[in-house]
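Below you'll find the structure, written out as structure tokens, and then a few comments.
When a residue number appears, it is its place in the shown sequence, counting from 1. The model shown is predicted, which means the values in this text are computed figures rather than measured ones.
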Amino acid sequence: MAKDCSFDVVSEFDKQELVNAVDQTKRDVASRFDLKDSGSEIELDADKAITITTSDDMKLRNILDILQSKMVKRNLSIKILDAQNIENALGGKVRQVFNLKKGLTQEKAKKITSIIKDSKLKVQASIQGEQVRVSGKSRDDLQEIIQLLRSKENEIDLSLQFTNYR
């Protein structure tokens, strides 16, 4: 009798890599000639949000570009950044907050399970908190589900990881 195989679909990020990416961005901003004396600040607020404060919109976009390139180099998806509106700060500066997306919401988990069920493969998907457990008898079917979810990642609008593959 074949044993059931399974894996979990999660949406997480490596906190230490994010801290390193933010620190590298701070160093780059301090050394770049066009951003050096702008009074720009980048803060990581307890793994919940990143706040960028600077003198104008152009510098804000430049700093965001630096941050995103540092994240990509550290294998962090830029989809974890949920940009909020640009707001005015004290002293004529602008501020933008980027909330960090972690975990699957109920509607995203339901969307993932519906994609899996629409594939017509012999696997079961169940929502377990902030993750989706996919199980089936055939490892090949599970591999196909992983490929399917990777191809639909833009539609889901989340960075997905596949853990506990057994």
Side-chain angles (χ1 to χ4, degrees), residues 1-26 28-29 42-52 57 60-87 95-166:
M1 185 83 189
K3 196 169 91 171
D4 273 0
C5 303
S6 66
F7 68 89
D8 296 333
V9 180
V10 295
S11 179
E12 297 177 344
F13 58 87
D14 188 348
K15 293 176 187 172
Q16 187 58 48
E17 290 295 335
L18 185 66
V19 168
N20 292 342
V22 170
D23 287 344
Q24 278 187 330
T25 304
K26 286 179 184 178
D28 270 19
V29 167
I42 304 133
E43 298 173 12
L44 179 62
D45 305 326
D47 303 326
K48 299 276 187 230
I50 296 174
T51 306
I52 300 175
D57 288 347
L60 182 71
R61 285 193 299 270
N62 288 342
I63 294 170
L64 178 60
D65 188 43
I66 294 169
L67 176 64
Q68 288 176 339
S69 69
K70 299 298 180 190
M71 288 174 62
V72 168
K73 285 180 185 175
R74 297 189 160 275
N75 293 327
L76 290 170
S77 173
I78 58 175
K79 290 181 183 179
I80 66 171
L81 297 176
D82 182 22
Q84 304 300 308
N85 291 330
I86 297 174
E87 53 194 40
R95 175 188 312 126
Q96 188 169 17
V97 177
F98 297 90
N99 292 331
L100 300 173
K101 294 190 230 174
K102 186 174 184 180
L104 296 175
T105 61
Q106 281 297 102
E107 64 255 5
K108 297 285 184 183
K110 287 178 184 176
K111 189 170 193 169
I112 290 170
T113 55
S114 71
I115 288 171
I116 292 170
K117 287 179 181 168
D118 290 345
S119 72
K120 304 291 187 211
L121 292 171
K122 293 184 178 179
V123 295
Q124 293 79 38
S126 61
I127 300 172
Q128 298 179 340
E130 291 188 343
Q131 66 184 19
V132 175
R133 165 88 28 106
V134 181
S135 59
K137 296 211 182 289
S138 169
R139 285 181 178 247
D140 292 337
D141 288 347
L142 294 181
Q143 291 288 339
E144 284 186 47
I145 293 296
I146 290 174
Q147 292 302 319
L148 174 70
L149 290 176
R150 282 207 173 114
S151 69
K152 302 265 186 179
E153 209 168 60
N154 287 335
E155 184 181 312
I156 298 169
D157 194 35
L158 275 179
S159 169
L160 297 178
Q161 292 81 36
F162 307 98
T163 60
N164 296 333
Y165 188 85
R166 303 178 191 145

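Shown here for E12 and Q161, the closest heavy-atom pair between the two residues is N-OE1, 2.7 Å. Summarising the geometry of Q68 relative to L81, their closest heavy-atom pair is CG-CD1, 4.3 Å, with the distance given to 0.1 Å. Of all the heavy atoms in V22 and I42, the pair that sits closest is CG1-CG2, 3.9 Å.
Annotation: salt bridge (charged side-chain N to carboxylate O under 4.0 Å, His left out) contacts of D141 (sequence neighbours excluded): none. With sequence neighbours excluded, no residue satisfies salt bridge (charged side-chain N to carboxylate O under 4.0 Å, His left out) with E43. Annotation: ring pair (Phe, Tyr, Trp, His ring centres under 6.0 Å) contacts of F13 (sequence neighbours excluded): none. Take R61 and apply the salt bridge (charged side-chain N to carboxylate O under 4.0 Å, His left out) test, not counting sequence neighbours, and it matches no residue.
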Open item on the list: Quick one, K111 with E155, criterion side chain to side chain contact (heavy atoms under 4.5 Å, CB included). Give me CA distance, side-chain angles, the key distance, then yes/no.
Closed with: CA-CA 10 Å; K111 189 170 193 169; E155 184 181 312; 4.1 Å; yes
TODO: Run the numbers on R150 and Q147 for side chain to side chain contact (heavy atoms under 4.5 Å, CB included), then give the verdict.
DONE: CA-CA 5 Å; R150 282 207 173 114; Q147 292 302 319; 4.0 Å; yes
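A donor-acceptor pair under 3.5 Å is absent between the side-chain atoms of Q16 and the main chain of D14, judged by distance alone.
Residues F98 and L67 have side chains not in contact (no heavy-atom distance under 4.5 Å, counting atoms from C-beta outward). Side chains of I50 and L18 form a contact here, defined as non-hydrogen atoms less than 4.5 Å apart. Side-chain atoms of E144 and V123, non-hydrogen and from C-beta on, never get closer than 4.5 Å to each other. The closest side-chain heavy-atom distance from L160 to L104 is below 4.5 Å. No side-chain heavy atom of E17 sits under 4.5 Å from any side-chain heavy atom of N75. No side-chain heavy atom of I116 sits less than 4.5 Å from a side-chain heavy atom of L148. Within the 4.5 Å cutoff, no side-chain heavy atoms of Q96 are placed close to those of T51. You'll find the side chain of F7 stays beyond 4.5 Å of the side chain of T163, heavy atoms only.
The neighbour count for I78 CD1, taken as heavy atoms of other residues, nucleotides or ligands under 6.0 Å away, does not exceed 12.
Distance check: K15 NZ to L100 CG gives 10.5 Å after rounding to the nearest 0.5 Å. Of the inter-residue distances, the one linking L64 atom CG with S69 atom OG reads 9.5 Å to the nearest 0.5 angstrom. Here the CG-CD1 distance, from D57 to I86, works out to 4.5 Å after rounding to the nearest 0.5 Å. Atoms CG and CD1, on L149 and I112 in that order, are 6.5 Å from each other to the nearest 0.5 Å. Once rounded to the nearest 0.5 Å, the distance linking OG1 of T25 with CE of M71 reads 9.0 Å.
Each of V134, D140, L142 was evaluated against C5; a single residue qualifies, L142, per the side-chain contact (heavy atoms from CB on, under 4.5 Å) test.
Each salt bridge (Lys or Arg N to Asp or Glu O under 4.0 Å) pair with one or both residues in residues 64-73, not counting sequence neighbours, appears once here: D28-K70. Among pairs with a residue in residues 118-135, those fulfilling side chain to side chain donor-acceptor pair (under 3.5 Å) read D8-R133, at least two apart in sequence or across chains.
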